[in-house]
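Keep in mind the model is a prediction, meaning the values are calculated, not measured.
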Amino acid sequence: MLLEAAHNAGVITNQEYAEFQNAGYIGLYGGLTVDDIHERKKLKDNEKILDFMGSTELIANLFRISQTEEKLKKDKIHSCSKATSTHYEVGAKVRKAIEDIGGTMPEDLPTPEKSIKQIEKEQLKKLKDKKTKLMLDE
């Protein structure tokens, strides 16, 4: 959804989208770029940052993403540079909120040993092995 909102706001090329994405992380992670976060989490080039987060860090990022999407639409932003600066500002405000409530900064949270995809695969295998009926509300 953020990709679509960014595109509608004027973020068109792959390079522009990379800069847009980076700006949100820089805002939330106190100046750390995507590359810095990858290095800090010891991720491989093909691994996605969002796949290697605990719930607190993931929620902060999803909040950054959802609020950026909403702001791009609400403010009717139609400039790549304005969209990018908006993503940075939203990330910085989420960071400030975490700071204000005394939370742990995202870059200081532990990186899970397994990705969300690995955990999901293991859980599905367990369900299949048990031949358990999955309830809709689980």
Side-chain angles (χ1 to χ4, degrees):
M1 300 296 265
L2 181 60
L3 174 62
E4 182 180 340
H7 182 79
N8 292 339
V11 179
I12 307 299
T13 69
N14 287 343
Q15 180 63 35
E16 289 170 340
Y17 189 70
E19 291 170 7
F20 172 81
Q21 279 295 87
N22 208 27
Y25 281 116
I26 290 169
L28 181 57
Y29 285 79
L32 296 179
T33 66
V34 168
D35 289 340
D36 295 334
I37 298 166
H38 257 266
E39 184 177 320
R40 194 170 180 127
K41 290 179 168 287
K42 297 179 174 79
L43 301 180
K44 298 172 186 161
D45 287 342
N46 65 336
E47 293 177 323
K48 296 178 182 175
I49 295 170
L50 289 172
D51 288 343
F52 288 87
M53 295 182 178
S55 60
T56 299
E57 187 177 2
L58 182 59
I59 290 165
N61 275 279
L62 293 176
F63 189 60
R64 166 186 59 82
I65 290 166
S66 69
Q67 294 307 297
T68 299
E69 176 192 349
E70 291 297 317
K71 187 159 181 61
L72 292 175
K73 291 176 184 177
K74 181 179 71 77
D75 293 356
K76 297 180 173 87
I77 293 171
H78 295 292
S79 152
C80 178
S81 62
K82 182 63 177 157
T84 300
S85 65
T86 297
H87 199 186
Y88 170 81
E89 291 164 11
V90 171
K93 287 180 181 184
V94 172
R95 181 179 182 81
K96 177 79 170 99
I98 294 168
E99 181 183 326
D100 289 350
I101 59 176
T104 304
M105 291 296 115
E107 67 272 14
D108 296 326
L109 292 166
T111 302
E113 291 182 23
K114 296 178 181 179
S115 75
I116 189 69
K117 289 178 182 179
Q118 290 169 303
I119 294 167
E120 183 180 63
K121 188 177 178 180
E122 290 171 3
Q123 292 299 317
L124 285 172
K125 184 178 179 338
K126 282 182 186 178
L127 285 172
K128 287 178 183 175
D129 289 348
K130 289 182 180 180
K131 296 184 181 172
T132 306
K133 259 188 149 174
L134 183 63
M135 300 301 292
L136 291 177
D137 62 347
E138 290 187 58

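- Taken from OG1 in Thr33 to CD in Glu39, the straight-line distance is 9.0 Å, to the nearest 0.5 Å.
- Thr68 and Arg64 make their closest contact through OG1-O, 2.8 Å (heavy atoms, listed as atom of the first residue, atom of the second, distance).
- For Gly10 against Cys80, the heavy-atom pair with the smallest separation is O-CB, 3.4 Å.
- Other residues, nucleotides and ligands contribute over 12 non-hydrogen atoms within 6.0 Å of the CG atom of Asn46.
- Of the inter-residue distances, the one linking Glu16 atom CD with His7 atom NE2 reads 10.0 Å to the nearest 0.5 angstrom.
- Here Lys73 does not pair with Glu4 in a salt bridge; the nearest charged N to carboxylate O distance is not below 4.0 Å.
- Inter-residue side-chain proximity for Asn8 and Leu72 is flagged as unmet; no heavy-atom pair is nearer than 4.5 Å.
- Expressed to the nearest 0.5 Å, how far CD1 of Ile26 lies from CG of Asp36 amounts to 8.0 Å.
- Note on Val90: it does not cluster hydrophobically with Tyr88, by side-chain heavy-atom contacts below 4.5 Å among ILVMFWY residues.
- The hydrophobic clustering, which links ILVMFWY residues whose side-chain heavy atoms are closer than 4.5 Å, places Val34 and Leu109 apart.
- Using a 4.5 Å heavy-atom threshold, the side chains of Ile65 and Leu50 count as touching.
- Judged as a salt bridge (Lys or Arg N to Asp or Glu O under 4.0 Å), not a single pair has a partner in residues 21-31 (not counting sequence neighbours).
- No more than 12 heavy atoms of other residues, nucleotides or ligands sit less than 6.0 Å from atom NZ of Lys93.
- Between Ile77 and Lys71, the shortest heavy-atom contact is CD1-O, 4.2 Å.
- Other residues, nucleotides and ligands contribute over 12 non-hydrogen atoms within 6.0 Å of the CG atom of Asp100.
- We find the CE-CD1 distance between Met53 and Ile116 to be 11.5 Å, quoted to the nearest 0.5 Å.
- Between Gln21 and His87 the shortest side-chain heavy-atom distance falls below 4.5 Å.
- Heavy atoms of other residues, nucleotides or ligands lying less than 6.0 angstrom from CZ of Phe63 number 12 at most.
- The OH atom of Tyr25 sits 13.5 Å away from the CD atom of Glu107 when rounded to the nearest 0.5 Å.
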Pair Tyr29-Asn61, side chain to side chain donor-acceptor pair (under 3.5 Å): steps then yes or no: CA-CA 10 Å; Tyr29 285 79; Asn61 275 279; 2.9 Å; yes
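- The shortest distance between side-chain heavy atoms of Asp108 and Arg40 falls below 4.5 Å.
- The distance from the OG atom of Ser81 to the CD atom of Glu19 is 10.5 Å, given to the nearest 0.5 Å.
- By the criterion of side-chain heavy atoms lying less than 4.5 angstrom apart, applied directly or through intervening Ile, Leu, Val, Met, Phe, Trp or Tyr residues, Leu62 is grouped together with Ile49 in one hydrophobic cluster.
- With a 4.5 Å cut-off on side-chain heavy atoms, Glu69 and Lys74 do not count as touching.
- Gln118 and Glu122 share no donor-acceptor pair across their side chains, judged by distance under 3.5 Å alone.
- Here the closest non-hydrogen pair linking Phe52 and Thr111 is O-CG2, 3.9 Å.
- Considering only heavy atoms from C-beta on, Thr86 stays 4.5 Å or farther from Asp75 through its side chain.
- Contact between Pro106 and Ile98 at its shortest, heavy atoms only, is CD-CD1, 4.3 Å.
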Hey, mind stepping through Glu57 and Lys41 against salt bridge (Lys or Arg N to Asp or Glu O under 4.0 Å) and telling me if it holds? CA-CA 12 Å; Glu57 187 177 2; Lys41 290 179 168 287; 3.0 Å; yes
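- The backbone N or O of Glu120 sits nowhere less than 3.5 Å from a side-chain atom of Gln123 that would complete a donor-acceptor pair.
- Taking 4.5 Å as the limit, every side-chain heavy atom of Gln67 sits out of range of all side-chain heavy atoms of Val94.
- With contacts defined as side-chain heavy-atom distances shorter than 4.5 Å, the pair Phe20/Leu2 qualifies.
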